[in-house]
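Report on the structure given below.
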Number of protein chains: 2
Amino acid sequence: MSGGVEWALHCCTLLSRASQPVPAVKLAEYHDVSPSYLAKQLQLMSRAGLVRSTQGNAGGYVLTRDAAAITVLDVVEAIDGVLPAFRCTEVRQRGPLATPAEQCADPCAIAKVMDSADRAWRDSLRAVTIADLVADADRQILPGAVERARAWLAS
Amino acid sequence: MSGGVEWALHCCTLLSRASQPVPAVKLAEYHDVSPSYLAKQLQLMSRAGLVRSTQGNAGGYVLTRDAAAITVLDVVEAIDGVLPAFRCTEVRQRGPLATPAEQCADPCAIAKVMDSADRAWRDSLRAVTIADLVADADRQILPGAVERARAWLAS
DNA sequence: AGCACTCGGATATATCTTATCCAAGTAGCT
DNA sequence: AGCTACTTGGATAAGATATATCCGAGTGCT
Ligand code: SF4
Ligand code: SF4
């Protein structure tokens with residue numbers, strides 16, 4: 001999995017707190033990561049329709065919908081794509097004892113297992129929203145931290 | 001995920017049928033894949049203790065235990081390693097509003113979600129054994145194919 | 001002891017991820 | 001309306017990982 005997924009999720013939680021547009025440079029500075037590279041992740045999220053960008057002065061990124069309506073899977077798929085990790089190359093149709101193609105209409109057991117595991121993984125990620133992440137973070141952080149973050153974003 | 005996982009699984013099903021040691025070259029020819037690269041996967045499986053190699057004339061690879069005692073997860077972890085796909089870099093401890101380290105004893109919600117999804121994925125793969133794959137394949141292939149495969153391996 | 005055959009690890013190549021830069025575009029100000 | 005300052009967007013290098021290959025070490029058989 002791309003390391004950029006972690007950055008993207010952190011940005012989502014931060015954006016859910018800020019009501020004003022936040023530029024990419026500010027998001028990068030807040031998390032102390034490469035601004036140029038974070039910009040790429042934000043572009044991917046923009047294409048996926050998770051965030052909306054406004055250019056020009058006082059522009060930046062805003063979430064397109066409520067944090068409770070964005071799942072972790074949405075972010076992961078925006079960054080890493082939607083194709084499953086396992087890519088079957090139809091080995092059974094090759095070699096000296098190749099299975100004839102008409103016998104390969106149904107996916108074999110290996111493909112089924114991999115597909116099932118991939119689905120379980122995605123179901124797990126789909127069960128949690130950005131709002132859940134924020135709620136959990138609020139429970140752990142020190143009191144007043146949210147206000148300080150908002151003030152820093154506005155400066 | 002490594003593409004070699006698919007090859008490794010196919011080799012396991014084939015090895016479970018052959019009672020004699022099968023050399024890497026023969027396994028590669030059977031599946032029509034690169035012999036040099038398949039050798040690497042077999043080495044990884046050997047290190048993981050899934051197969052045992054015997055050198056010299058009439059040598060090759062044999063499964064170390066019954067096919068029912070080898071899970072798909074065993075093979076996947078042998079090839080791709082055991083580390084989870086998501087690698088947390090502790091972003092929350094960086095930047096101008098970094099969370100103090102003593103506040104970060106427990107993993108955050110993001111890390112928990114990723115860990116949970118990874119566990120669900122592994123549980124899915126652990127639930128199926130090589131014996132299950134073979135049984136499913138036997139149900140789909142043409143009658144006599146198993147005997148032909150055994151004969152080809154012996155030649 | 002000699003020989004043919006096999007595995008094992010060290011070595012190139014290709015592909016993808018990571019990181020960066022500069023040009024196009026937009027909103028607000030004069 | 002024109003200008004300026006700011007921000008995004010896609011195109012472009014550097015690095016890391018996965019893929020593919022080769023030859024030497026080791027083993028059993030003759
Ligand atoms: S469908 Fe199954 S048997 Fe065919 S190549 Fe893919 S993993 Fe192998
Ligand atoms: S533990 Fe959670 S908050 Fe900390 S860096 Fe990892 S993902 Fe981010």
Side-chain angles (χ1 to χ4, degrees), chain A residues 1-8 11 15 18 20-64 76 78-81 83 85-87 89 91 153-155, chain B residues 1-8 11 15 18 20-64 76 78-81 83-87 89 91 153 155:
Chain A
M1 161 162 17
S2 275
V5 170
E6 185 180 3
W7 301 3
C11 286
L15 285 176
Q20 58 201 308
V22 183
V25 177
K26 216 148 184 87
L27 286 169
E29 196 183 343
Y30 184 94
H31 297 114
D32 188 25
V33 296
S34 161
S36 319
Y37 189 37
L38 181 62
K40 191 183 185 65
Q41 321 297 340
L42 290 167
Q43 281 172 38
L44 289 169
M45 295 191 35
S46 179
R47 284 188 209 170
L50 298 178
V51 299
R52 172 64 71 188
S53 67
T54 55
Q55 282 186 333
N57 204 340
Y61 290 95
V62 188
L63 293 181
T64 54
V76 170
I79 305 297
D80 271 11
L83 337 108
F86 180 79
R87 165 83 186 139
T89 55
V91 167
L153 283 176
S155 73
Chain B
M1 166 167 7
S2 275
V5 170
E6 185 181 4
W7 300 3
C11 286
L15 285 176
Q20 59 201 304
V22 184
V25 176
K26 217 151 185 84
L27 288 168
E29 196 182 344
Y30 184 94
H31 297 113
D32 187 25
V33 296
S34 161
S36 320
Y37 189 36
L38 181 62
K40 191 182 185 63
Q41 321 298 340
L42 290 166
Q43 282 172 37
L44 288 170
M45 294 192 35
S46 179
R47 285 188 208 169
L50 297 179
V51 298
R52 173 62 71 187
S53 68
T54 55
Q55 282 186 332
N57 205 340
Y61 289 95
V62 188
L63 293 182
T64 53
V76 171
I79 305 297
D80 270 13
L83 339 108
F86 179 79
R87 166 83 185 139
T89 55
V91 167
L153 283 175
S155 73

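Here is the naming used below: chain letters follow the sequence lines, and residue numbers restart at 1 for every chain.
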Distance in angstrom units between [X] [atom1] and [N] [atom2], rounded:
{"X": "A:Leu38", "N": "C:dT20", "atom1": "CG", "atom2": "P", "value": "12 Å"}
{"X": "B:Ile79", "N": "D:dT19", "atom1": "CD1", "atom2": "P", "value": "11 Å"}
{"X": "B:Met1", "N": "D:dA18", "atom1": "CE", "atom2": "C1'", "value": "14 Å"}
{"X": "B:Gln41", "N": "D:dA20", "atom1": "CD", "atom2": "C1'", "value": "10 Å"}
{"X": "B:Gln20", "N": "C:dT6", "atom1": "CD", "atom2": "C1'", "value": "15 Å"}
{"X": "A:Arg87", "N": "C:dC16", "atom1": "CZ", "atom2": "P", "value": "12 Å"}

In terms of heavy-atom contacts, B:Ala28 and B:Pro35 come closest through CB-CA, 3.5 Å
What distance do [X] atom [atom1] and [Y] atom [atom2] have between them, rounded to the nearest 0.5 Å?
{"X": "A:Gln20", "Y": "A:Leu15", "atom1": "CD", "atom2": "CG", "result": "10.5 Å"}
{"X": "B:Leu38", "Y": "B:Lys40", "atom1": "CG", "atom2": "NZ", "result": "12.0 Å"}
{"X": "B:Thr64", "Y": "B:Leu50", "atom1": "OG1", "atom2": "CG", "result": "6.0 Å"}
{"X": "A:Cys11", "Y": "A:Glu6", "atom1": "SG", "atom2": "CD", "result": "10.5 Å"}
{"X": "A:Trp7", "Y": "B:Thr89", "atom1": "CH2", "atom2": "OG1", "result": "7.5 Å"}

Can you give one letter per nucleotide of nucleotides 2-17 of chain D, 5' to 3': B if a protein heavy atom sits under 4.0 Å from the base, S if only from the sugar-phosphate, - if neither? ----BBBBB-------
Under 4.0 angstrom, heavy atoms only, what part of the nucleic acid is B:Gly4 near: base, sugar-phosphate, or nothing?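 Contact class for B:Gly4: none.
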Considering just the side-chain nitrogens and oxygens of A:Tyr37, establish if one lies under 4.0 Å of OP1 or OP2 belonging to C:dT20. no
